[in-house]
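Everything below concerns the one structure shown next.
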Protein chains: 2
Amino acid sequence: MNSQAVEDYLKAIYKLQSSQSMVVTSALADHLKVNPASATGMIKKLADSNLVSYERYQGVKLTPPGEKIALEVIRHHRLIELYLAEALNVPWDQVHDEAEKWEHILSEDLEDRIDKILGYPTTDPHGAPIPSRDGNIEQRNTNLLSELTQGDNAIIVEVSDDDTDMLRYLGKLELYPQTNIQIISISPFDQLITIRIIPNKDSNNDFVIGQKVASSILVSKLEED
Amino acid sequence: MNSQAVEDYLKAIYKLQSSQSMVVTSALADHLKVNPASATGMIKKLADSNLVSYERYQGVKLTPPGEKIALEVIRHHRLIELYLAEALNVPWDQVHDEAEKWEHILSEDLEDRIDKILGYPTTDPHGAPIPSRDGNIEQRNTNLLSELTQGDNAIIVEVSDDDTDMLRYLGKLELYPQTNIQIISISPFDQLITIRIIPNKDSNNDFVIGQKVASSILVSKLEED
DNA sequence: ACTAAACTTTAGGCGCACCTAAATTTTAGT
DNA sequence: ACTAAAATTTAGGTGCGCCTAAAGTTTAGT
Ligand SMILES: [Mn+2]
Ligand SMILES: [Mn+2]
Ligand SMILES: [Mn+2]
Ligand SMILES: [Mn+2]
């Protein structure tokens, strides 16, 4: 069995691979809040087990077996998050921490039972896709909300799930996955974004977010009509 | 935070204390499937933290703080077992292993949510009492089924929860907690016990169990009428 | 009371996953 | 091309929880 540490490293590498194609030691160490020297140690272990390919001083990449394990753990994580939210009414800003622990001990049998009870869901409470049992994950074409320009219409696809305070804030603004939004304006210098949630007809409920918040939201652009 | 190992030791000591008032190193080592030398090492650690009182060569006893932690973990274990059985249809012979892992990472918040959804239950699927949040546990007056004599009527209170095969067997015999039984006869030499489940009126469905099975069942004697 | 068996503890080690400090390699600026 | 800064790896060490082997203590039988 893979240790919790191994699973967390593989998961982190998977996540970081979406931005950098080769994950660099310091990025991994930052993400996992360990010392770079510790990350190097684990990287060597993972490379020995053929879970990552590793070039000294250059960084790591998941091998197919490493990616398989990462996706398995991510599937656990997201199914658990959704289950906690749906079945146990855990608020969406708290499901992540609970899932972070439970994901490592969930049995395949219980995974299947949860999957079934949820009706074989495809996304978690933050909009992230749930990998299938055999390790496939939906690839989507998304933009950061911070990349949109004035007048754009978009639907929120996913929000980052690991910052409790951010999630609570987004909840207060009602910026959930599946919400339709329009970019009313973007201010000069600070790039403050004025947003309207789309059923709203006038500017009464428009609000402003900054770049930090806007770059934690993934959207899919809608065609103008 | 207490490690999983510490929690498992305290739980084991609690369980063993019900039979021996001072828990001896080898009993603990047997129960936890570790080497006696390892148990000694952990015992010294627990004694240093004031979770057990320890006399060299004589054995250990839980202190009040140690018992509090043990009951907390047992509460987790039993709530989880019941939740898995009720909400996720996990068979009663499989809930134990899942709970054994989950009990150590369950948050107090999720514990409360599960407790509430189950309607503040008092016993787990095997009939064992669930300690209250503040660490009280119901004391019951029970006998082993193996201690009963011919003609006795009794109600099954609890069955031991940690042997999957035994539980599957008991399930097949329909010997669940709350089942009323009568001791029809006990054979000489082997002490084989012929049992009738009480709604049954004649001997058609009587069956025989041996001492191993009979001593894994806790009962409460019923007065004759 | 003595002794042998049974039990328990001590001594010494191991693997895991982390750390700090020092050495090495890469990188980026001039 | 050279050098200083940044990143990475190596070296050496820690705590945890386990192990085996050896030494010490209790126990039970004679
Ligand atoms: Mn994790
Ligand atoms: Mn999520
Ligand atoms: Mn356990
Ligand atoms: Mn139980």
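Since this is a predicted model, take the numbers as computed values, not measurements.
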- Message: Please report the distance, rounded to the nearest Å, between CE in A:M22 and P in D:dA7.
- Response: 18 Å
- Please report, rounded to the nearest Å, how far the C1' atom of C:dT9 is from the CG atom of B:L28. 14 Å
- Task: Measure from the side chain of B:V34, starting at C-beta and using heavy atoms only, and say which of D:dT25, C:dC18, D:dC18 lies closest.
- Result: D:dC18
- Query: Between B:H76, B:R75, B:K11, which is the residue that forms a side chain to side chain donor-acceptor pair (under 3.5 Å) with B:E103?
  - Reply: B:K11
- Message: Let me spell it out: for each of A:Q4 and B:K44, pick the nucleotide of DNA chain C with the closest heavy atom. Which residue's pick is nearer the 5' end?
- Response: B:K44
- Nearest-neighbour nucleotide for the B:K45 side chain, C:dC19, D:dT8, D:dG17 considered: D:dG17
- Query: Which nucleotide in the list D:dT10, D:dT26, C:dC18 gets nearest to the side chain of A:R56?
  - Reply: D:dT10
- Indicate whether OP1 or OP2 belonging to C:dC16 is found under 4.0 Å from a side-chain N or O atom of A:Y9. no
- Query: Is a salt bridge present between B:K44 and B:D48, judged by a nitrogen-to-oxygen distance below 4.0 Å?
  - Reply: no
- Query: Given D:dA6, is OP1 or OP2 found less than 4.0 Å from the side-chain N or O atoms of A:S26?
  - Reply: no
- Is there a donor-acceptor contact under 3.5 Å linking the side chains of A:D134 and A:S132? yes
- Ignoring backbone atoms, establish whether B:Y57 has a side-chain N or O less than 4.0 Å from OP1 or OP2 of C:dT10. no
- Message: Does this structure show an ion pair linking A:D115 with A:R133, if we count only N-O contacts that are shorter than 4.0 Å?
- Response: no
- Message: If you only use heavy atoms from C-beta on, which nucleotide in D:dG17, C:dT8, D:dT9 is closest to the side chain of A:T25?
- Response: D:dT9
- Task: Could you check if a side-chain atom of B:V159 sits within less than 4.5 angstrom of a side-chain atom of B:M166, using non-hydrogen atoms only?
- Result: no
- Could you check how far CD of A:E7 sits from P of C:dC16, rounded to whole Å? 15 Å
- Message: From the set D:dG17, C:dC18, C:dT26, return the single nucleotide nearest to any side-chain atom of A:M42.
- Response: C:dC18
- Message: The side chain of B:A37 is closest to which nucleotide in this list: D:dA21, D:dC18, D:dT9?
- Response: D:dA21
- Among the nucleotides D:dC18, D:dT8, C:dT8, which one has an atom lying closest to any side-chain atom of A:T40? D:dT8
- Item | Between P of D:dC16 and CE of B:M1, the distance in whole Å | 15 Å
- Item | First of A:A39 and B:A39 reached from the 5' end of DNA chain D, by closest nucleotide | A:A39
- Between B:Q58 (CD) and C:dT9 (C1'), how many Å, whole number? 13 Å
- Task: List the atom of B:W92, the atom of B:L175, and the distance in Å for their closest heavy-atom pair.
- Result: CH2-O, 3.9 Å
- Message: Quick check for you: among C:dC19, C:dT9, D:dG17, whose closest atom lies nearest to any side-chain atom of A:S38?
- Response: C:dC19
- Note on the structure: Closest to the side chain of A:N35, out of C:dT8, D:dT8, C:dC19, is C:dC19
- Query: B:K33 has an atom NZ; how far is it from atom C1' of D:dG17, in whole Å?
  - Reply: 18 Å
- To the nearest angstrom, how far is A:L46 atom CG from C:dC16 atom P? 12 Å
- Note on the structure: Between CG of B:D30 and P of C:dA6 the distance, given in whole Å, is 15 Å
